[in-house]
Amino acid sequence: MSPQPAPAPLLIACALGIEQVALRAGERGGAGGPVTVLRTGMGPRAAERSVTRVLADPALAGAAVLATGFCAGLAPGMHPGDLVVAEETRDPAGTVPCVGTDLLVKELVRTVPGRTVHTGPLTGSDHVVRGQERSDLLTTGAIAVDMESAATLLSAVRTGERPVAAVRVVVDAPEHELVRIGTLRGGISAFRVLRTVLPAFYEWHRSLLLPRR
């Protein structure tokens, strides 16, 4: 019998140390293949450099890439701890469609019961977005903004054909901006949610490994 091919790896990219801590705290078995959690550093340039460098490793050839961490919600009614599953990521450098959005939504609803899951475009920025700029981004159709997801996914697909996705946890929103009282509570809520999402990511990854009919 010919040897079975090695399972495709999964690269989970986040920007901040606190995001990496949350993900590490939630680690359990059950992934469909080798998993790497990469801390890229803050901002699109740092994400681009880190992801491009790591994906040059032959051990990560064909790896699925999932960008995660915290984000700012753009739509009224969003709350800290809500989840955002990107249908696409976009920034001035380009737009990247995401794979398996419906499955991620299904698994997150099951894994994190009681949390609202939003789907739509996730836009990128090179700075923290507040006030009127948040409203302006909402008019483009985006539902959330962060600094690394778009750069992460664009860098990933530029290195080779691979499935990509982005899942973010809302840490602030129009009625709950970071500059307001209650920020700490929102941050704690988002951290707790981020600790719980890995099983959904693993299910997404496993689904990519199933033979297509």
Side-chain angles (χ1 to χ4, degrees), residues 7-14 19 22-23 26-37 51 62-91 94-124 137-138 140-146 148-157 160-171 173 190 192-213:
L10 170 62
L11 176 65
I12 300 174
C14 61
E19 295 168 340
L23 292 166
E27 277 188 318
R28 299 288 187 276
V35 178
T36 299
V37 177
V51 171
V65 175
L66 194 151
T68 193
F70 304 134
C71 71
L74 298 176
M78 282 183 158
H79 296 89
D82 285 2
L83 287 145
V84 172
V85 178
E87 294 175 341
E88 66 181 27
T89 58
R90 53 169 76 155
D91 69 7
T95 298
V96 178
C98 296
V99 174
T101 298
D102 290 344
L103 176 66
L104 276 168
V105 171
K106 175 185 174 183
E107 291 300 327
L108 288 167
V109 168
R110 183 178 65 83
T111 304
V112 196
R115 292 293 178 179
T116 302
V117 181
H118 307 268
T119 60
L122 176 61
T123 195
L137 287 174
L138 179 62
T140 70
I143 63 168
V145 57
D146 76 271
E148 297 84 24
S149 291
T152 293
L153 299 200
L154 188 58
S155 300
V157 298
E161 186 175 349
R162 66 183 75 250
V164 295
V167 176
R168 290 275 170 171
V169 182
V170 174
V171 74
R192 287 175 174 167
V193 172
L194 192 59
R195 284 192 309 185
T196 67
V197 296
L198 279 180
F201 296 176
Y202 293 163
E203 284 299 320
W204 174 79
H205 184 222
R206 270 198 293 270
S207 78
L208 303 174
L209 307 177
L210 297 175
R212 302 299 178 189
R213 295 183 178 180

Next on the checklist: The criterion is side chain to side chain contact (heavy atoms under 4.5 Å, CB included); which residues satisfy it with Ala166, sequence neighbours excluded?
Outcome noted: Ala67, Ala86, Thr89, Leu122, Ser149, Leu153
Next on the checklist: Walk me through whether His79 and Thr116 qualify under side chain to side chain contact (heavy atoms under 4.5 Å, CB included).
Outcome noted: CA-CA 9 Å; His79 296 89; Thr116 302; over 6 Å; no
Checklist outcome for this item: All heavy atoms of Met78 vs all of Ile143, minimum pair found to be CE-O, 3.3 Å
Next on the checklist: For a side chain to side chain contact (heavy atoms under 4.5 Å, CB included) check, start with the C-alpha distance between Val170 and Cys71, then their side-chain angles and the critical distance, and finish with the verdict.
Outcome noted: CA-CA 5 Å; Val170 174; Cys71 71; 4.0 Å; yes
Checklist entry - What residue pairs, at least two apart or across chains, pass salt bridge (Lys or Arg N to Asp or Glu O under 4.0 Å) with a residue in residues 70-88? => result Glu88-Arg90
Next on the checklist: Measuring from atom OG1 of Thr123 to atom CG of Asp91, what distance do you get when rounded to the nearest 0.5 angstrom?
Outcome noted: 7.0 Å
Item to check | Distance in Å, Leu208 CG paired with Glu203 CD, rounded so as to fall on 0.5 Å steps | outcome: 11.0 Å
Checklist entry - Which heavy atom of Pro80 sits nearest a heavy atom of Arg115, and at what distance? => result O-NH1, 3.8 Å
Checklist entry - Are side-chain heavy atoms of Pro121 and Thr140 found at a separation under 4.5 Å? => result no
Checklist entry - Hey, mind stepping through Leu23 and Val197 against side chain to side chain contact (heavy atoms under 4.5 Å, CB included) and telling me if it holds? => result CA-CA 8 Å; Leu23 292 166; Val197 296; 4.3 Å; yes
Item to check | Minimum heavy-atom distance Ala156-Val65, with the two atoms named | outcome: CB-CG2, 3.9 Å
Checklist entry - Do Ile12 and Leu198 have side chains that get closer than 4.5 Å, going by heavy atoms? => result yes
Item to check | Heavy-atom pair with the smallest gap, counting every atom of Pro163 and Trp204 | outcome: O-CH2, 4.2 Å
Checklist entry - What do the steps show when you test Leu83 against Val167 for side chain to side chain contact (heavy atoms under 4.5 Å, CB included), and what is the final call? => result CA-CA 7 Å; Leu83 287 145; Val167 176; 4.2 Å; yes
Next on the checklist: Using 0.5 Å steps for rounding, measure from the CG atom of Leu103 to the NE2 atom of His205.
Outcome noted: 12.5 Å
Next on the checklist: If I take atom CG from residue Leu194 and atom OG1 from residue Thr196, how far apart are they, to the nearest 0.5 angstrom?
Outcome noted: 8.0 Å
Checklist outcome for this item: Heavy-atom closest pair (Leu104 atom, Ala200 atom, distance to 0.1 Å) is CD2-O, 4.1 Å
Next on the checklist: On a heavy-atom basis, which atom in Ala8 and which in Gly62 lie closest, and how many Å separate them?
Outcome noted: CB-O, 4.3 Å
